[in-house]
Amino acid sequence: MKRDVLCGVRSVLLLSLWLLLVQILSSFLSTGGILLMGISHPVGPTPLWQWILAGVLICLLWLGMGVVAPGVIQLGIIGTAAVLAVWALLTAWMRNVPLLFLPQSTCGGMVRNMVQCLLPGSGLPLDKYRDLPMGCVILSATFGVGLLVRRGRRVVCPG
């Protein structure tokens with residue numbers, strides 16, 4: 001019993017550290033990609049195809065990082081969902097660090113622009129202030145899907 005609890009705590013800590021690594025890596029890559037592609041999304045209008053390209057690339061990075069996550073992270077579906085939900089809530093509340101959470105804002109902006117383009121008169125309350133929370137949910141779910149893909153490789157908790 002004690003071994004299972006310690007293994008679970010270690011898995012939660014490792015998953016949290018892995019998410020932090022993914023967040024920092026995707027922030028650096030997003031900033032570099034935005035500079036290379038000439039996307040002016042923090043300061044001006046950007047064409048829809050650039051939003052989609054940037055958002056899809058960020059989602060693929062998070063999916064890939066979920067697939068290559070360390071094998072010792074063995075929380076199960078419910079534990080992983082709980083950690084990812086907490087991660088999404090915590091990152092959604094961090095509005096005063098925009099450069100660190102640029103990937104989430106970009107993915108949320110992609111969804112906002114797609115909805116506004118496809119449903120121009122829908123009356124949905126979408127604005128740039130909802131980009132970060134939408135992106136947090138999207139990227140956490142994408143990372144979780146990557147973990148589910150990886151789930152086929154079972155590693156027993158050593159101890």
Side-chain angles (χ1 to χ4, degrees), residues 1-37 39 41-42 46 50-115 126 128-159:
M1 174 77 176
K2 180 180 175 183
R3 183 176 165 268
D4 292 339
V5 170
L6 290 176
C7 186
V9 168
R10 187 176 74 190
S11 290
V12 167
L13 288 175
L14 285 174
L15 181 58
S16 299
L17 287 174
W18 189 255
L19 279 167
L20 184 61
L21 174 72
V22 172
Q23 182 68 50
I24 291 170
L25 179 67
S26 67
S27 295
F28 282 134
L29 291 175
S30 296
T31 304
I34 284 174
L35 290 174
L36 286 175
M37 289 174 46
I39 295 177
H41 101 76
T46 302
Q50 286 181 336
W51 279 105
I52 293 172
L53 180 65
V56 166
L57 289 176
I58 291 169
C59 286
L60 286 175
L61 172 71
W62 279 69
L63 180 72
M65 292 299 280
V67 170
V68 299
V72 294
I73 300 173
Q74 296 295 320
L75 290 175
I77 293 174
I78 295 173
T80 303
V83 170
L84 290 174
V86 168
W87 181 263
L89 285 174
L90 288 176
T91 55
W93 287 333
M94 300 293 238
R95 293 190 182 277
N96 51 353
V97 192
L99 196 58
L100 183 61
F101 299 110
L102 186 63
Q104 281 88 345
S105 296
T106 302
C107 287
M110 173 189 68
V111 171
R112 175 177 47 90
N113 283 317
M114 287 171 55
V115 168
L126 296 175
K128 66 179 181 174
Y129 300 109
R130 291 188 173 88
D131 290 353
L132 182 65
M134 282 191 304
C136 292
V137 171
I138 291 168
L139 289 182
S140 291
T142 304
F143 186 81
V145 169
L147 287 174
L148 286 175
V149 168
R150 179 195 57 89
R151 193 172 159 92
R153 302 179 306 196
R154 277 296 232 181
V155 175
V156 177
C157 185

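Heads up: numbering here begins at 1 and tracks the sequence.
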> What residues form a side-chain contact (heavy atoms from CB on, under 4.5 Å) with Leu20, not counting sequence neighbours?
Replying inline: Ile24, Trp87
> What do the steps show when you test Ser27 against Leu100 for side-chain contact (heavy atoms from CB on, under 4.5 Å), and what is the final call?
Replying inline: CA-CA 6 Å; Ser27 295; Leu100 183 61; 3.8 Å; yes
> Which pairs, with at least one residue in residues 52-72 and sequence neighbours excluded, count as a side-chain hydrogen bond (donor to acceptor under 3.5 Å, both in side chains)?
Replying inline: Ser26-Trp62
> For Asp131, which residues count as a side chain to side chain donor-acceptor pair (under 3.5 Å) partner, sequence neighbours excluded?
Replying inline: Arg112
>> If you compare all heavy atoms of Phe101 against all heavy atoms of Leu132, which two are closest, and at what distance to 0.1 Å?
In response: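 So the minimum-distance heavy-atom pair works out to CB-CD1, 3.7 Å.
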> Is Trp18 reaching over with its side chain to a backbone N or O of Met65, donor-acceptor style, under 3.5 angstrom?
Replying inline: yes
For residues 136-147, tabulate all N or O donor-acceptor pairs below 3.5 Å that involve a side-chain atom, not counting sequence neighbours.
residue : atom : partner : partner atom : Å
Ser140  : OG   : Cys136  : O            : 3.0
Thr142  : OG1  : Ile138  : O            : 2.7

> Measuring from Leu84:CG to Ser16:OG, what's the distance to the nearest 0.5 Å?
Replying inline: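 Going from CG on Leu84 over to OG on Ser16, the span is 9.0 Å.
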Per-pair distances, 0.1 Å, donor-acceptor, side chain in residues 52-59, under 3.5 Å, sequence neighbours excluded:
none

